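The structure appears below as structure tokens.
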Protein chains: 4
Amino acid sequence: MAKKTGEKYQSIIEAAVKVIARYGYHQAQVSKIAKEASVADGTIYLYFDNKDDILISLFKEKVGTFINTARARIAPLEKAEDRLRELIYMHLWQMSQDRDLAIVTQIETRQANPNLRAGIYEVLKHYLDLIDEVIFLGKEQGVFRPDIEHRVARKMIFGTLDEAVTSWVMNERNQNLVSLVDPIHNLFINGLKVAKQ
Amino acid sequence: MAKKTGEKYQSIIEAAVKVIARYGYHQAQVSKIAKEASVADGTIYLYFDNKDDILISLFKEKVGTFINTARARIAPLEKAEDRLRELIYMHLWQMSQDRDLAIVTQIETRQANPNLRAGIYEVLKHYLDLIDEVIFLGKEQGVFRPDIEHRVARKMIFGTLDEAVTSWVMNERNQNLVSLVDPIHNLFINGLKVAKQ
Amino acid sequence: MAKKTGEKYQSIIEAAVKVIARYGYHQAQVSKIAKEASVADGTIYLYFDNKDDILISLFKEKVGTFINTARARIAPLEKAEDRLRELIYMHLWQMSQDRDLAIVTQIETRQANPNLRAGIYEVLKHYLDLIDEVIFLGKEQGVFRPDIEHRVARKMIFGTLDEAVTSWVMNERNQNLVSLVDPIHNLFINGLKVAKQ
Amino acid sequence: MAKKTGEKYQSIIEAAVKVIARYGYHQAQVSKIAKEASVADGTIYLYFDNKDDILISLFKEKVGTFINTARARIAPLEKAEDRLRELIYMHLWQMSQDRDLAIVTQIETRQANPNLRAGIYEVLKHYLDLIDEVIFLGKEQGVFRPDIEHRVARKMIFGTLDEAVTSWVMNERNQNLVSLVDPIHNLFINGLKVAKQ
DNA sequence: GATGAATGAGATTTCATTCAT
DNA sequence: GATGAATGAAATCTCATTCAT
């Protein structure tokens, strides 16, 4: 029913990111988003099925683009370690570039609404797959331990990055997210323990 | 104003965990919680300031207890590595014991409402402190690398555990959470890389 | 925010006068007013900020109109005495013409709510000003005593008329209000005392 | 059912005047009045049938006392004119002595609630009777015009005094109410017109 | 007589969504 | 395609009143 293309579709998405980041999803009334996008309330419904669909579409649009970019960026890198580092960098760098989007992604998107969660997860799955691919590659290349359960490693990688961005959005807005890339990468690769001499 | 003690206070908390886990915070009407707790709607407001306060109080109550238990459990352990393992175990075991609470904790509590987030974070802070203490201890004991930024390590530890529980709640309800304890611990300690021979 | 014009605005006002007169402000639920006006409950809030605003707007609308009419009616009269009489007549006649409005004006409007009182007084002030003007004119024309404090005279004029209407609304609904015009006018002009011979 | 005597009865009345004057009848919760009176909420209901009954009783108690005092004060005066002046004085003086009571009397008591109005009117009736008596006396003594309708004169007297107190309570709290006694008396007796030479 | 914890009915207001223009 | 006025369902919270102690 909803036509998910066109200039207005894009401006509604942009308006939604801005308004939701500022007011929170609950206080981001459809009329507010419409106003920000300079369209009539009813117009929103020509492009989106309902309010939840705005958030889901926004997430798909933005995170989908991110995944594509990330995938393209790691492709030329040969070593799994480098790909992992690039992934960490991309994640943190992208988020630090668009704070409104980060707010929406880290906070507003975690709404309890089951409809939402399902839509969100569908997109996220592709990102988790990308992480998995890096882990598998590392194992193949003999640099990551073969006995590591990829699901566990994936949880570590995604969980850590996610928590890093959430902290930044919530409490550490002045910190430089990108400065965490190497420390995180190092920790993932080498773990906590002191190297044996 | 609200009297946060007594038998009724406790039963409202229990009822709230149950109802919110089942219906989601938004669909967990105060009247539903009251009914589940076998009290009148108005009685809720003798013990809680408003609906948000139920969720915050519940979180404080439950997570507060968890932190105290966890702290008591790791205290007798001498090695930082063992404390870390115990922390991982406690986190995953506790959550797997009370799925309703896990749902509330991982999903419903992530509401965008600023009031909520502030109250939630206050409690969470104590947990993050506990993690920090283990990291510091590990450095003192010379088993964790001194150059590791504790804030980064903390993000890894908390982020990974949080993501593990979220995955379990959302997609992997049949998996055994506790079976992840050692793999996660191992990964934290040793990292991804193949040990040098 | 609320758009205070249009056909629906007017019909809500009329409905409100009717419903409030009949049930009292407190028992005049917004839904009752909406039903009487044949609009949806929510529509009320497109035209009024809140329930109090209905009462205030109604008062402004109705009393505002009354004041304009009264002012227009006394304008052509030259003598202050005649103007005073016309004012008395207008006041009592208008009220006797619209008993519902009189009820709302005399009783429901006297609610203790500070918001209300402020809004009401703002309108009433214009009426008191009109009375003042007549008093001043009478002094200029040398028919009203120059030593009379206009504030005192104004209180007498307004207080008496107000009390007359209140009595009529409350206890003397069968009495003819307009029959009081001359007795009141005579009393204002000549006072209680027996004329010297 | 309710026992309308005793020390606690009196302190509840006093507390009610204070609390209602300060917060308005609607915002003067029974529990607030109970607290101010240093009794339990339930105790109120040993002395009053319901919340309205507090306001009515308070009015009866206070205005009843006022009427008795006023009646006693005018009794020794022989001339109707003097009695009228004393009545005006008593009315304005008493009110200016107890601003809290004046607020309750002039504003809170005008609530739209029919139960209330009926109870209030019952008391007021006695005051209106007192005014009537003075008017009749004036006619008997040949100082007030025999053709004056006493109901009209009564409306003027009561309406003016009532309006004077309301204005004082609402807008002119700094004015000296008692200073209005003679101007009002003079106006009642002599009217607005310039005396014939 | 006094207490005060518990009750539960009830109404305003919001806002996603529709649909006639 | 675009508009925006109208809809109406739905839920939190208050507070007068009760009654077991």
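Chain naming here is simple, since letters A, B, ... match the order of the sequence lines and numbering starts at 1 in each. Computed from a prediction, not measured in an experiment: that's the story for all the values here.
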Separation of [N] [atom2] from [X] [atom1] (nearest whole Å):
X	N	atom1	atom2	result
C:F48	E:dT12	CZ	P	14 Å
A:H26	E:dT14	NE2	P	12 Å
A:D52	E:dA16	CG	C1'	10 Å
A:I44	F:dT3	CD1	C1'	12 Å
C:Y25	E:dA11	OH	C1'	12 Å
C:L46	F:dG8	CG	P	13 Å
C:K32	E:dA11	NZ	C1'	11 Å
B:E7	E:dA5	CD	C1'	13 Å

Which is more 5' along DNA chain E, the nucleotide nearest C:S31 or the one nearest A:S31? Just name the residue.
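Result of the comparison: C:S31.
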Check: If you pin D:V39 and A:Q29 to their nearest nucleotides in DNA chain E, which one's is more 5'?
Finding: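 With D:V39 and A:Q29 compared, the 5'-side residue is D:V39.
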- Query: Among F:dT14, E:dG8, E:dT18, which nucleotide sits nearest the side chain of B:Y45?
  - Reply: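 Closest of the options to the side chain of B:Y45: F:dT14.
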> Taking the side chain of A:D41 as heavy atoms from C-beta outward, which of F:dA16, E:dT7, F:dG4 is closest to it?
Replying inline: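 For the A:D41 side chain, the nearest candidate turns out to be F:dG4.
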Residue-phosphate contact under 4.0 Å: B:Q27 side-chain N/O, F:dA10 OP1/OP2: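 Answer no for this pair, as no side-chain N or O of B:Q27 is under 4.0 Å from OP1 or OP2.
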> Should D:I103 and D:I20 count as side-chain neighbours, where that means a heavy-atom distance under 4.5 Å?
Replying inline: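 Side-chain contact under 4.5 Å: no.
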Backbone N/O of A:A16 and side chain of A:E36: donor-acceptor pair under 3.5 Å |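 No, because the side chain of A:E36 does not come within donor-acceptor range (under 3.5 Å) of the backbone of A:A16.
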Scan C:V30 against the nucleic acid and name what it touches under 4.0 Å (heavy atoms): base, sugar-phosphate only, or nothing.
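Result for C:V30 = base.
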Reported CG-to-CZ distance for the pair C:N171 and D:R117, which is rounded to 0.5 angstrom =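 Rounded to the nearest 0.5 Å, the CG-CZ separation comes out at 9.0 Å.
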Paired nucleotide for F:dT21 [Watson-Crick or G-U wobble; both distances under 3.5 Å]: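 Base partner found: E:dA2.
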Open item on the list: Counting only Watson-Crick pairs (N1-N3 plus N6-O4 or O6-N4) and G-U wobbles (N1-O2, O6-N3), all under 3.5 Å, who is the partner of E:dA11?
Closed with: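 Result: F:dT12.
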For A:K4 and A:D53: C-alpha separation, side-chain torsions, deciding distance, then whether salt bridge (charged side-chain N to carboxylate O under 4.0 Å, His left out) applies.
CA-CA 10 Å; A:K4 295 193 175 306; A:D53 189 35; 2.5 Å; yes
Item to complete: Return the 5'-most residue of the pair A:Y47, D:N50 with respect to DNA chain F, ranking by each residue's nearest nucleotide.
Response: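 Its nucleotide being nearer the 5' end, the pick is A:Y47.
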Along DNA chain F (nearest heavy atom to each residue), the more 5'-positioned of C:T43 and A:K8:
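Between the two, 5'-proximity favours A:K8.
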Relative to the ring of D:Y47, is the ring of D:Y9 parallel (under 30°), tilted (30 to 60°) or perpendicular (over 60°)?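 Rings of D:Y9 and D:Y47: tilted, as their planes differ by 30° to 60°.
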